[in-house]
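Input: a single structure, listed below in structure tokens.
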Amino acid sequence: MPSQTPTASHRLAAVAALGACAASLALLLWLVLNATPRNMVVLVAAQAVAVGAAWLAVTRRGAARAVALVAIAAGELLALLVLRDNGDLMKWLGLMALLLGAAPLARRALRVDMRSLAEQPIEGTPVGPLAQPTLLMNPKSGGEKVAQFDLEAEARRRGITPILLGPDDDPVRLATQAVEAGADALGAAGGDGTQALVAAVAAEADLPFVCVPAGTRNHFALDLGLDRDDVLGALDAFGTAVERRVDLARVNGRTFVNNCSLGVYASIVQSDDYRDAKLKTAASMLPELLGPDADGFDLQFTDGEGRQRGSSQLLLISNNPYRLDRLGGFGTRARIDTGRLGLVDVQVESARDFQTMVALQAAGRVQQFDGWTEWTTPRLEVASREAVAIGVDGEALRMQPPLVFESWAGALRVRLPTHAPGKAPAAVALEPGWSTLGRLVEVAMGRSASHPSRGR
């Protein structure tokens with residue numbers, strides 16, 4: 001990120017962020033110094049009961065789950081009553097508000113919010129308008145965003161050939177036909193599954209690719225540095241734009257842009273009910289997958305330290321490593337051009353393991369869980385004695401072993417609009433600690449903040 005002299009608004013945001021941090025620290029010290037030993041013991045015990053009950057709620061059915069849910073509520077209620085009786089409830093809520101408010105202020109001060117990123121040059125090579133681009137559109141993705149934004153008419157207005165995908169259409173075949181007809185670039189408007197299929201054809205033909213975030217979550221667009229809310233603005237990449245190369249990844253020859261999951265999550269997404277009732281389906285299946293009578297997942301592979309693994313509760317294989325503070329949503333990637341797969345193996349074998357993982361996840365430090373192993377590699381092979389349930393960019397599949405995962409380094413020429421942020425959240429995430437506080441002080445004093453270098 002280039003050095004820039006802080007503006008008045010950035011200096012004000014830095015001062016406010018530092019003030020919020022100082023006030024929250026003072027309030028936290030007050031709460032600790034004024035808490036009675038009895039209250040401290042009650043609070044710790046209440047949280048222990050709540051976390052322990054959470055494991056039972058996840059891994060049991062019927063009456064046992066109902067009792068666990070009551071215990072969770074009772075534990076949290078007890079904690080709130082202790083804080084209220086001690087006159088500290090409002091102070092605790094104030095502490096939470098200060099901590100939540102400091103983060104956006106710090107991001108603004110250090111120019112890592114969407115508005116500031118959009119004002120900075122995008123990494124890549126400037127390129128001119130395309131002559132004969134083609135855009136494949138999935139009209140069912142993202143709550144029918146294609147129709148909502150009238151993408152077909154907008155594409156024609158810009159000289160882009162639109163192809164609407166029907167229920168039985170093969171995106172790979174249609175994209176290949178477009179290349180054979182002379183298209184000088186391919187684009188995809190839809191979810192990440194559609195993006196992966198069209199991107200693979202573009203990579204094979206060494207043609208530029210344009211990602212239009214018309215899906216539900218658009219994780220690939222986010223990590224490319226696109227504004228996912230600006231669907232029409234993404235079409236600007238067919239004109240004057242910035243081009244750079246990023247990686248794709250493959251499992252047994254099938255291309256994916258984000259990640260593949262094996263184990264618990266992959267089994268849940270296989271359910272026919274998952275798409276319509278995600279939480280209900282997960283709650284009904286977790287006892288079978290994590291409970292005391294659950295069978296382990298037969299996944300045999302070698303981890304980053306050369307150890308042979310024979311089972312795993314969750315194995316995540318991603319196109320470049322993710323920044324993972326919590327399991328939910330699988331985070332974002334700082335770069336998609338390192339030429340390596342990101343691997344995460346999670347082993348949860350007991351109630352104590354689960355309690356520890358929940359506590360670390362709540363603190364945003366799930367990587368410190370003892371059952372968590374993380375590494376990178378250009379290739380991974382997973383063996384099994386039977387067909388393996390796998391989620392590929394969120395799509396439920398079954399594949400015959402062995403599963404061979406490979407990074408397809410530098411395969412895709414991606415074009416981005418010149419007005420896009422150009423960076424993923426993980427690339428500009430604030431690191432808690434003295435370095436961030438030091439950068440805030442520099443901005444508050446009117447000096448350009450020294451930004452930590454981020455290697456490939």
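Sequential numbering from 1 along the given sequence is applied to the chain's residues.
- Contact check for Val146 versus Asn138: no side-chain heavy atoms found under the 4.5 Å cut-off.
- The nearest pair of heavy atoms linking Pro213 to Cys211 is CD-O, 3.8 Å.
- Rounding to the nearest 0.5 Å places CZ of Arg413 at 14.5 Å from CZ of Arg244.
- Nearest heavy-atom pair, Leu343 versus Leu380, reported as atom, atom and distance to 0.1 Å: CD1-CD2, 3.3 Å.
- Here the options are Thr376, Asn259, Asp247, Asp337, the test is side-chain hydrogen bond (donor to acceptor under 3.5 Å, both in side chains), and the partner is Asn320; only Asp247 passes.
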Practice prompt. Carefully, step by step, assess Asp345 and Asp303 under the rule side-chain contact (heavy atoms from CB on, under 4.5 Å).
Written response: CA-CA 8 Å; Asp345 173 39; Asp303 69 17; 5.8 Å; no

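- Side-chain contact check for Arg158 versus Asp236: some heavy-atom pair is nearer than 4.5 Å.
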Worksheet item: Going through the checks in order, is the side-chain contact (heavy atoms from CB on, under 4.5 Å) test met by Arg309 and Leu299?
Response: CA-CA 7 Å; Arg309 298 294 184 103; Leu299 303 172; over 6 Å; no

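- In this structure, the side chains of Leu235 and Arg157 stay at 4.5 Å or more apart for every pair of heavy atoms.
- Using modelled atom types, one side-chain atom of Asp393 and one backbone atom of Asn258 make a donor-acceptor pair closer than 3.5 Å.
- In the model, Arg333 has no side-chain atom that pairs as donor or acceptor with a side-chain atom of Thr338 under 3.5 Å.
- The two residues Ala420 and Ile122 come nearest to each other via the heavy atoms O-CD1, 3.3 Å.
- One distance of note links CD1 of Ile163 with CG of Leu174; it measures 5.5 Å at 0.5 Å rounding.
- Between His219 and Arg228, the closest side-chain pair of non-hydrogen atoms falls below 4.5 Å.
- To the nearest 0.5 Å, atoms CG (Leu207) and CZ (Arg415) are separated by 11.0 Å.
- Here the closest heavy-atom approach between residue Pro208 and residue Asp184 is recorded as CD-O, 3.2 Å.
- One distance of note links CG of Leu248 with CD of Glu406; it measures 13.0 Å at 0.5 Å rounding.
- If you take CD on Gln400 and OG on Ser384, they are separated by 9.5 Å, rounding to the nearest 0.5 Å.
- Nearest heavy-atom pair, Pro126 versus Gly124, reported as atom, atom and distance to 0.1 Å: CD-O, 3.8 Å.
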Discussion item. Between Leu151 and Leu232, does the side-chain contact (heavy atoms from CB on, under 4.5 Å) criterion hold? Intermediate values first, please.
Written reply: CA-CA 7 Å; Leu151 283 178; Leu232 291 179; 3.7 Å; yes

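- The pair Arg245-Asp206 meets the salt-bridge criterion, since a charged nitrogen lies less than 4.0 angstrom from a carboxylate oxygen.
- For the pair Leu136/Leu165, a side-chain contact is recorded, criterion being any heavy-atom separation below 4.5 Å from C-beta on.
- Summarising the local packing, CZ of Arg385 is surrounded by 12 or fewer heavy atoms from other residues, nucleotides or ligands at distances under 6.0 Å.
- Lys145 contributes no side-chain N or O that, together with a main-chain N or O of Gly190, makes up a donor-acceptor pair within less than 3.5 Å.
- Side-chain contact between Ile317 and Val251 is absent, with no heavy atoms from C-beta onward closer than 4.5 Å.
- Contact annotation: the side chain of Pro129 approaches that of Thr240 to within less than 4.5 Å [non-hydrogen atoms, C-beta and beyond].
- Classified by interplanar angle (parallel below 30°, tilted 30° to 60°, perpendicular above 60°), the ring pair Phe220/Phe209 is tilted.
- Between Gly233 and Pro417, the shortest heavy-atom distance links the atoms O-CG, 3.6 Å.
- A donor-acceptor pair under 3.5 Å is formed between the side chain of Gln195 and the backbone N or O of Ala188.
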Discussion item. With side-chain contact (heavy atoms from CB on, under 4.5 Å) as the criterion, how do Val172 and Thr176 come out once you've worked through the C-alpha distance, each side chain's angles and the decisive distance to 0.1 Å?
Written reply: CA-CA 6 Å; Val172 172; Thr176 301; 4.1 Å; yes

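- For the pair Val179 and Glu204, the minimum side-chain heavy-atom distance is 4.5 Å or more.
- Of the inter-residue distances, the one linking Leu315 atom CG with Leu403 atom CG reads 9.5 Å to the nearest 0.5 angstrom.
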